[in-house]
Amino acid sequence: MLKNIIFIGLANVPVFEVCYFRPENPVGYVIHEPAQKVYQTVFISVGPFIVNSLLCFVIGFSAALQFKFDSANVLDYLLMYLAISIGAHAFPSTGDANSLWNAVVKSKTTSWLSKIVVTPIVGFIYAGALGSFFWLDIIYGSAVAMGLPYLIIKFLV
């Protein structure tokens, strides 16, 4: 949510309404003016995925170091839980996929190259949404928070 606002601000797109938390679905949302350029739309939709993945890795890596050297404590378990949670919420929403589809693929003014690049991204977002039914989001968060740091530590140490 906050990451979306940051990316919307970086794209210089006006924001109309922000809801940080509510009991129904979606838990939070941002209503903003449509982006004027294709890169802005992609940036707003996919940027939070990149940030969540990086945060998941960095936090998970710091906890994984402690597990590797057998000095993990309660804080390290909490950090790993936080990292997996952040990674599990990395996938963009289907609303992001819809806005990408409508702004880029359906548009008559965007280039074919933009459409070729964005179409698989939209498919990836929908696959992530479908995969969350099969816990793909948890698997992804665990892989980035634990699996990737484990491989890096194993090859470096």
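Atom set for the values below is all heavy atoms of this structure, side chains included, hydrogens, waters and symmetry mates excluded.
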Identify each donor-acceptor pair in which a side-chain atom of residues 70-77 lies under 3.5 Å from a protein atom, sequence neighbours left out, and give them as a table.
residue	atom	partner	partner atom	Å
S71	OG	Q66	OE1	2.9
N73	OD1	L75	N	3.0
N73	OD1	D76	N	3.1
D76	OD2	N73	N	3.0

Show me the side-chain donor-acceptor pairs of residues 9-19 shorter than 3.5 Å, one per line, residues at least two apart or across chains.
residue	atom	partner	partner atom	Å
E17	OE2	Y29	OH	2.7

Using atom types as modelled, flag every donor-acceptor pair under 3.5 Å from a side chain in residues 128-157 to any protein atom, sequence neighbours excluded.
residue	atom	partner	partner atom	Å
S132	OG	A129	O	2.7
Y140	OH	S53	OG	2.6
S142	OG	I138	O	2.9

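Judged as a side-chain contact (heavy atoms from CB on, under 4.5 Å), and not counting sequence neighbours, the contacts of T119 are W101, V105. By the ring-ring contact (aromatic ring centres under 6.0 Å, His included) test, Y39 pairs with no residue at all, sequence neighbours left out. With sequence neighbours excluded, the residues forming a side chain to side chain donor-acceptor pair (under 3.5 Å) with S114 are S111, listed by chain and number. Taking S93 as the reference, D96 meet the side chain to side chain donor-acceptor pair (under 3.5 Å) condition, with sequence neighbours excluded. Under the rule for a side-chain contact (heavy atoms from CB on, under 4.5 Å), the partners of S85 that lie at least two apart in sequence or sit in another chain are Y81.
F67 and F61 end up in different hydrophobic clusters when Ile, Leu, Val, Met, Phe, Trp and Tyr side chains are linked at under 4.5 Å. In the hydrophobic cluster analysis, where Ile, Leu, Val, Met, Phe, Trp and Tyr join through side-chain heavy atoms closer than 4.5 angstrom, L55 is grouped apart from I84. A single hydrophobic cluster is seen to contain both V42 and I125, as judged by linkage of ILVMFWY side chains at heavy-atom distances under 4.5 Å, directly or through other members.
Between T41 and A103, the closest heavy-atom pair is CG2-CB, 3.9 Å. Heavy-atom minimum distance, M80 versus G60: CE-O, 3.5 Å.
Legend: salt bridge (Lys or Arg N to Asp or Glu O under 4.0 Å) pairs involving residues 24-39, not counting sequence neighbours, sorted by first then second residue: R22-E24. Residue pairs meeting the ring-ring contact (aromatic ring centres under 6.0 Å, His included) criterion with at least one member in residues 113-132, sequence neighbours excluded: F49-F124, F91-F124.
To the nearest 0.5 Å, the span separating OG on S45 from CD1 on I121 amounts to 9.0 Å. Summarising the geometry, atom CG belonging to L54 is positioned 11.0 Å from atom CD1 belonging to I59; distances are rounded to the nearest 0.5 Å.
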